[in-house]
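Working notes, structure below.
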Amino acid sequence: AILLFLVCVFRIAFMFTYPSGELDDEQVAEFILFEFPTFLLFTTVILATSYWHRLANRKGFFYETQVRSLVMYFLAIASVWLLFVIVIIVYAEVILDEDTSTACLGRVPAPLNKQEEDTRTLAIVYQSIVIFFTFLLSVIFAYTSYNLFNVSKSVNRAKMFIFRLAVIIVGSFLLRCVFFIILLAVDFTSSVYLFITLFITEVCMIFACQLLFNWKYIVSCGQARRILPSGANLSSTTRRSTMNSRGASHLNTMNSMDDD
């Protein structure tokens with residue numbers, strides 16, 4: 001929940017700063033602000049996959065500890081953030097330093113087309129890697145969810161929860177792959193298209209996941225609000241019946257005294 005909250009915070013910050021052009025002079029900061037939530041999302045899905053894997057392999061109330069699986073998921077998270085660091089270094093050193101590489105007055109500046117070509121090449125390579133990671137995580141999470149779905153055969157609620165969560169995450173990740181493949185194929189820059197892509201594949205996905213996790217509490221709160229008036233009437237009815245029973249017992253006591 002904390003990681004998903006951070007993803008929303010960074011996306012909100014990017015949505016407000018990108019259209020206004022406040023970070024046009026700080027391209028590295030803009031790149032970090034845009035890409036950091038993506039890697040947070042990858043980390044969240046890897047942790048969820050690891051937890052799903054542990055649930056699918058538990059025996060009774062005990063989890064089957066597999067050191068190899070834990071190491072594998074740790075290496076996956078480390079690889080994700082290593083990719084993030086490498087991309088930032090390449091973007092900062094190779095692309096942005098070309099603007100200051102002609103500080104000498106007698107040197108002919110590099111053509112702008114070369115810088116655009118380098119930026120385009122880096123964007124294609126990077127987005128291809130991100131699309132591959134996204135597709136790979138969606139397949140792994142779908143496979144782990146399928147295994148957990150088969151394990152929980154006798155619990156219908158658990159099976160429906162697993163199925164719905166898998167549909168939300170896998171569907172959002174696959175849709176993200178499609179949107180970014182279109183973005184690379186058509187080669188255009190659109191703030192509206194980028195906003196729609198991030199809103200559908202990240203913000204809506206996080207909202208749907210939180211709604212699914214807290215659905216029981218939402219339903220219970222709604223039922224409590226509907227039951228509250230009848231509960232108040234029941235308490236008043238109980239008080240009236242208590243007073244009537246007390247009056248009846250007092251009357252019986254007086255009648256017994258008169259008989260004596």
Could you check whether the rings of W81 and F36 sit parallel, tilted or perpendicular, using 30° and 60° as the cut-offs?
tilted
L175 side, atom CG; T134 side, atom OG1 - distance, nearest 0.5 Å:
11.5 Å
Report the distance from atom OG1 of T49 to atom CE of M72, rounding to the nearest 0.5 Å.
9.5 Å
Using the rule ring-ring contact (aromatic ring centres under 6.0 Å, His included), only one of F84, F31, F34 pairs with Y91; which is it?
F31
Should F141 and F161 be regarded as members of a common hydrophobic cluster, given that ILVMFWY residues are connected when their side-chain heavy atoms come within less than 4.5 Å of each other, either directly or indirectly?
yes
Calculate, to the nearest 0.5 Å, the distance between atoms CD1 and CZ belonging to I181 and F135 respectively.
9.5 Å
Determine whether R176 and E202 satisfy the following criterion, side chain to side chain contact (heavy atoms under 4.5 Å, CB included), listing intermediate values before the conclusion.
CA-CA 9 Å; R176 181 189 180 94; E202 291 185 1; 2.6 Å; yes
Shared hydrophobic cluster for L6 and L47 (ILVMFWY, side-chain gaps under 4.5 Å):
yes
Do T38 and R11 have side-chain atoms, one donor and one acceptor, less than 3.5 Å apart?
yes
I'd like to know if F42 and Y51 are part of one continuous hydrophobic network [Ile/Leu/Val/Met/Phe/Trp/Tyr, side-chain heavy atoms within less than 4.5 Å].
yes
Between F207 and L212, is there a side-chain heavy-atom distance shorter than 4.5 Å?
no
Distance from L136 atom CG to F173 atom CZ, nearest 0.5 Å?
11.0 Å
A side-chain contact here means heavy atoms from C-beta on lying under 4.5 Å apart; do L55 and V151 qualify?
no
Stepwise side chain to side chain contact (heavy atoms under 4.5 Å, CB included) test for L198 and V203
CA-CA 7 Å; L198 297 178; V203 178; 5.9 Å; no
Is there a path from V139 to W52 through hydrophobic residues (I, L, V, M, F, W, Y) whose side chains come within less than 4.5 Å of each other?
yes
Decide side chain to side chain contact (heavy atoms under 4.5 Å, CB included) for S145 and L165; before the verdict, give the C-alpha distance in whole Å, the side-chain angles of both, and the deciding distance to 0.1 Å.
CA-CA 9 Å; S145 300; L165 187 63; over 6 Å; no
I140, V71: one ILVMFWY side-chain cluster at the under-4.5 Å cut-off?
no
Closest heavy-atom pair and its distance - P37, V7:
O-CG2, 3.8 Å
To the nearest 0.5 Å, what is the distance between CD1 (I169) and CG (L41)?
8.5 Å
Supply the atom-to-atom distance L83 CG to E35 CD, rounded to the nearest 0.5 angstrom.
9.5 Å
Mind telling me whether Y193 and F179 have parallel, tilted or perpendicular rings, with 30° and 60° as the class edges?
perpendicular
So, S172 side chain and I168 main chain: donor-acceptor pair closer than 3.5 Å or not?
yes
Verdict with reasoning, Y73 to I77, per side chain to side chain contact (heavy atoms under 4.5 Å, CB included)
CA-CA 6 Å; Y73 287 113; I77 295 175; 5.6 Å; no
